[in-house]
> 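Got a structure for you, questions after.
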2 protein chains.
Amino acid sequence: MAARAPQAKRKTGAEGPRTKKIEPADVDVGLDGLAGHVGYAVRRFQLWIFQDFIKTLAAVDITPTQYSVLTVIAANPGPTQMAVAKRLGIERARLVHLLDALEQRNLVTRAASKTDRRSHALHLTGAGEASLRQFKLLAAEHERHVIDKIGKDNRERLLEILAPFR
Amino acid sequence: MAARAPQAKRKTGAEGPRTKKIEPADVDVGLDGLAGHVGYAVRRFQLWIFQDFIKTLAAVDITPTQYSVLTVIAANPGPTQMAVAKRLGIERARLVHLLDALEQRNLVTRAASKTDRRSHALHLTGAGEASLRQFKLLAAEHERHVIDKIGKDNRERLLEILAPFR
DNA sequence: GGCCGACTGTTGTGGTCGACAACAATCATT
DNA sequence: AATGATTGTTGTCGACCACAACAGTCGGCC
């Protein structure tokens, strides 16, 4: 056995039919009870789709989360950090670091709100707006990859079904 | 300003139209460019579905990943750790810890393979099989929650669309 | 006006998770 | 017998999320 795992004593008994090569346990675990579970399928799909997004936007070094933050700010300039966090379902603690990175890259500014000295008004910089336009082109290319994978009609059905989740 | 963030000097100038209460930036960031992205919708859905699964199976303290491991072993007894890892798309390094926990709870055993002394043949214990039957009942209840949320037909369409991802 | 609860951004901690690299034991092939 | 590949294991790194604490600020209420 490998390394040092605690191991039950082997019963070195009957070997059964030996074919010398293929082990049925290894070759393919195949479809099973998981097939009927939505959560599992969704998890695998989400993994694939994020990997493709990251790969497609690798040249500009933008993650799906960063893209969503930029998009939300662009669509409705000047939001509070709280507003963005609530909209995207991420914690405000996490958004702090996300914005730190985006601010360092000069894509986003935290301006003092004119009406509430606690909060920051978030805006895209000029560079941020220009960059976002490029990001959107790449995101559209990613979306085309999705279509190649599941088909155009399936993609639209997916968007309909998942609409209640924003 | 809050805490110690570097902040531009406030221009304490014109206030503009003050209505005293609602800040347009706060009230609702609303639907925007994210609406057309599959990945975002899927992420939100996956978050919801996992939360519900965890909550529904909280009484037996089983996560979605643990459930998938048990299900795979039960459907095809005696697989290698590598086989399970490949089937579920998780790293074998991670599976080690997962199995450690399941073995400590006496749900799974790592038996020495009869044909390859490097590998372990994974099996459910008697308690493991009994427990899994209960887990499946709760998982079915979770699946009913999904139906309540998106509808029975939508759920089945979802399974069809996502079938290529196993 | 002054007090008190609620909110905002921030920091820190802990836990889960995935990618990666190393390693010993074992296998397969030559 | 020797070499390279595979299996399980350990460890590290970074991303991510949940939670709690905190200072500054707002809002309302007496």
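Every chain is numbered from 1, with letters handed out A, B, ... down the list of sequences.
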> Please report the distance, rounded to the nearest Å, between NE2 in B:H120 and P in D:dT6.
19 Å
> What is the distance from CD1 of B:I54 to P of C:dG15, rounded to the nearest Å?
16 Å
> How long is the line joining NE2 of B:H97 and P of D:dG11, in whole Å?
9 Å
> Given D:dT10, C:dC27, C:dT8, which nucleotide is nearest the side-chain atoms of A:T80?
C:dT8
> How are the rings of A:H142 and A:H145 set to each other: parallel, tilted or perpendicular (split at 30° and 60°)?
perpendicular
> Atom CD1 of B:I62 to atom P of C:dT16: distance rounded to whole Å?
14 Å
> By nearest atom, which of the nucleotides C:dT8, D:dT10, D:dT25 is closest to the A:M82 side chain?
C:dT8
> Find the distance B:L98:CG to D:dT10:P and express it as a whole number of Å.
14 Å
> Which pair of non-hydrogen atoms, one from A:I54 and one from A:P64, has the smallest distance, and what is that distance?
CG1-CD, 3.8 Å
> Apply side-chain hydrogen bond (donor to acceptor under 3.5 Å, both in side chains) to B:Q81 and list each qualifying residue two or more places apart in sequence or on a separate chain.
B:R110, B:H120
> What pairs of residues pass the side chain to side chain donor-acceptor pair (under 3.5 Å) test when at least one of them lies in residues 151-163 of chain B, not counting sequence neighbours?
B:E143-B:R155, B:N154-B:R157
> Between atom CD in B:Q46 and atom C1' in D:dC17, what is the gap in whole Å?
13 Å
> Can you find an N or O donor on one side and an acceptor on the other, under 3.5 Å apart, linking the side chain of A:R118 with the base of C:dC7?
yes
> Output a table of nitrogen or oxygen pairs between the protein and nucleotides 18-21 of chain C separated by less than 3.5 Å.
residue : atom : partner : partner atom : Å
C:dG18  : OP2  : B:R94   : NE           : 2.7

> Nearest-Å distance, CG (A:D116) to P (C:dG9)?
8 Å
> Would you check if the side chain of A:T63 reaches a backbone N or O of A:Q66 as a donor-acceptor pair within less than 3.5 Å?
yes
> Quick check on the 6.0 Å ring-centre criterion: do B:Y67 and A:Y40 meet it?
no
> Tell me: CD of A:E103 to P of C:dG9, nearest whole Å?
13 Å
> Are the side chain of B:S113 and the backbone N or O of B:T115 linked by a donor-acceptor pair below 3.5 Å?
yes
